[in-house]
**Student:** 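Can you read through this structure? Questions will come right after.
Treat the numbers as computed from the prediction; the structure is a model and nothing was measured. These values consider heavy atoms only, across backbone and side chains, with no hydrogens, waters or symmetry-generated copies.
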Number of protein chains: 2
Amino acid sequence: MELNKIHNIDCLDFMKGMAENSVDLILTDPPYGMSFQSNYRQVKHEKIVNDTNLEWLPEFIESSHRILKDDRHAYFFCSFHNVDIFKQAIQKHFEVKNILVWAKNNTGMGDLEGDYAPQYEFIIYTRKGNRKLNDGRASNILSYNRTGNINHPTEKPLDLFSFLIRKSTQESEIVFDGFIGGGTTALACKMLKRNYIGCEISPEYCKIAEERINSISNTLF
Amino acid sequence: MELNKIHNIDCLDFMKGMAENSVDLILTDPPYGMSFQSNYRQVKHEKIVNDTNLEWLPEFIESSHRILKDDRHAYFFCSFHNVDIFKQAIQKHFEVKNILVWAKNNTGMGDLEGDYAPQYEFIIYTRKGNRKLNDGRASNILSYNRTGNINHPTEKPLDLFSFLIRKSTQESEIVFDGFIGGGTTALACKMLKRNYIGCEISPEYCKIAEERINSISNTLF
DNA sequence: ACTACGGTTGAATCCTGAA
DNA sequence: GTTCAGGATTCAACCGTAG
């Protein structure tokens, strides 16, 4: 299996070709299973539609569990809208240890009068076996500023990914992300001397991710 | 229906005698469906055990929906451990608008090496119909300090309850809490000139709650 | 009135040893 | 084997007391 590459392919197909017990961490920000488009945004990203089903989820979780080594961790982002469905799909295979709250610095949009403003996303923290976390005890509320979604409409802070990778892996271990989008997982891995394997179904985001990764080739860190 | 009283009775039984569309807000902190005891505690509260079932939940939610007026809100506390079960039971009857995060000032105990430290609890925010929230837009992360569990082992901050009651009711409306414990809901209602109806199955906590409520009788606020 | 300091806490979970 | 009871444990925040 070639390391440190982003494959332009549906991750469900790609994972079929991966050996079981072959990666050290799953860290992924999959589609949340809700139709999503921000119209009030300067740089309009491609509209994400036809995305209100979660049919892919059970197979994705099962495959994730299969390719992950024993005594390893897996993190799955999700929103509160479908947290019940995600949690139940995940706990068929993994032990759900916690649900982390990524607290953003700013609030999102949505119902202005009848609802509370969304200020977080969930990260379901799970285990296969029982590896410990590195670097002492951390809270299950993680405050990281949003970066501005330059590379992808649902881009997550690099710091946040770096933090999770450091908590759950050692150097030179392999991180898998089936929905790598703008390549944040790959970038964090490169900076932290971890190996990555990524999938991204969109050729455009593959290209963006590749450019991001190459752009730090000659940067000291 | 007599107002501003805490009834020493199982709320499932009590609610059978309540008229439909008779209260203006449900705000309750039910058992989370997990066995727990803090051993590192000087004033040991009674151990909560044999509490790992949620058989009461569907009927409680159904009755809650029945007694609530149209165009009103309901809040149900829960932890991440069973948030999937709570959410699915609730959304059979209510519209789940959001899942609020009560961020505490301190972290809890638990797995010290293999898990993130628990620092929040969930509050599932739901509607029957579509009343708006008062006082402008608030975040779905609510930061309130723990008060010290003087009156009940799982006591919640009075500020937090006051905040939610103000967001979702007007003066003289009726708030129902089926698991009122140390009486925080009643206390907040009294201070905010709302009416309350409470149930508490334990005679001891009924007494404690009553004393708390009476103790502010002559206090100016 | 303010600071310093020591004591106590936490909607847990793991582990060990007894039954 | 299997279940169950009880002890040990982090660490930042808070409280009371002493100075």
**Student:** With side chain to side chain contact (heavy atoms under 4.5 Å, CB included) as the test, pick out the partner of B/Phe77 among B/Leu160, B/Thr154, B/Thr28.
**Tutor:**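 When B/Leu160, B/Thr154, B/Thr28 are each tested with B/Phe77, the side chain to side chain contact (heavy atoms under 4.5 Å, CB included) holds only for B/Leu160.
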**Student:** For C/dA11 and D/dA5, measure between their P atoms and round to the nearest Å.
**Tutor:**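 Those two atoms are separated by 23 Å.
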**Student:** May I ask you to evaluate whether B/Asn105 reaches the phosphate of D/dC14, defined as a side-chain N or O under 4.0 Å from OP1 or OP2?
**Tutor:**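 For B/Asn105, the contact criterion (side-chain N or O under 4.0 Å from OP1 or OP2 of D/dC14) is met.
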**Student:** Ring-plane angle category for B/His65 and B/His93, please: parallel below 30°, perpendicular beyond 60°, tilted otherwise.
**Tutor:**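 The arrangement is tilted - the two ring planes meet at 30° to 60°.
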**Student:** Would you classify A/Lys97 as touching base, sugar-phosphate or nothing, given that sugar-phosphate means primed atoms plus P, OP1 and OP2, and contacts are heavy atoms under 4.0 Å?
**Tutor:**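 The answer is sugar-phosphate, as A/Lys97 gets under 4.0 Å only of primed atoms, P, OP1 or OP2.
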**Student:** What integer distance in Å separates B/Glu113:CD from C/dT13:P?
**Tutor:**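 One finds 15 Å between P of C/dT13 and CD of B/Glu113, rounded.
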**Student:** Can you check the B/Met109 CE to D/dA13 P distance for me, whole Å?
**Tutor:**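 The distance from CE of B/Met109 to P of D/dA13 comes to 16 Å, rounded to the nearest Å.
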**Student:** Counting only side-chain nitrogens and oxygens, does B/Lys104 get under 4.0 Å of the OP1 or OP2 atom of D/dA12?
**Tutor:**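 Negative; the distance criterion is not met.
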**Student:** Using a 3.5 Å distance criterion without hydrogens, assess whether the side chain of B/Glu95 forms a donor-acceptor pair with backbone atoms of B/Arg127.
**Tutor:**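 Looks like no, no N/O pair under 3.5 Å.
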**Student:** Would you say C/dA11 has OP1 or OP2 under 4.0 Å from some side-chain N or O of B/Asn149?
**Tutor:**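 For B/Asn149, the contact criterion (side-chain N or O under 4.0 Å from OP1 or OP2 of C/dA11) is met.
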**Student:** Check every strand shown and say whether B/Asp115 touches a base, only sugar-phosphate, or nothing at a heavy-atom separation below 4.0 Å.
**Tutor:**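 Since no nucleic acid heavy atom lies under 4.0 Å of B/Asp115, the category is nothing.
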**Student:** Are A/Lys128 and A/Asp71 close enough, and set up right, to give a salt bridge (charged side-chain N to carboxylate O under 4.0 Å, His left out), and what steps lead you there?
**Tutor:** CA-CA 5 Å; A/Lys128 175 182 181 180; A/Asp71 300 323; over 6 Å; no
**Student:** Would you mind reading off the distance between B/Asp111 atom CG and C/dC14 atom P, rounded to a whole angstrom?
**Tutor:**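 Distance, rounded to whole Å: 5 Å.
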**Student:** On DNA chain D, compare the nucleotides closest to B/Gly108 and B/Asn145; which residue's is nearer the 5' end?
**Tutor:**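 Looking at DNA chain D, the more 5' nearest nucleotide goes with B/Gly108.
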**Student:** Using purine N1 to pyrimidine N3 plus N6-O4 or O6-N4 for Watson-Crick, or N1-O2 and O6-N3 for G-U wobble, each under 3.5 Å, what pairs with C/dG10?
**Tutor:**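 Partner of C/dG10: D/dC11.
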**Student:** As an exercise, state the distance from OG1 of B/Thr126 to CD1 of B/Ile99, rounded to the nearest 0.5 Å.
**Tutor:**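 Going from the OG1 atom of B/Thr126 to the CD1 atom of B/Ile99 covers 11.0 Å.
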**Student:** Any donor-acceptor pair under 3.5 Å between the side chain of B/Lys156 and the base of C/dA11?
**Tutor:**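 Check passes, donor-acceptor contact within cut-off.
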**Student:** Rounded to the Å, how far apart are B/Ile150 CD1 and D/dC14 P?
**Tutor:**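 From B/Ile150 CD1 to D/dC14 P: 14 Å.
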**Student:** For the side chain of B/Asn106, starting at C-beta, report the closest nucleotide among C/dA12, C/dG10, D/dT10.
**Tutor:**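 When the side chain of B/Asn106 is considered, C/dG10 is the closest of C/dA12, C/dG10, D/dT10.
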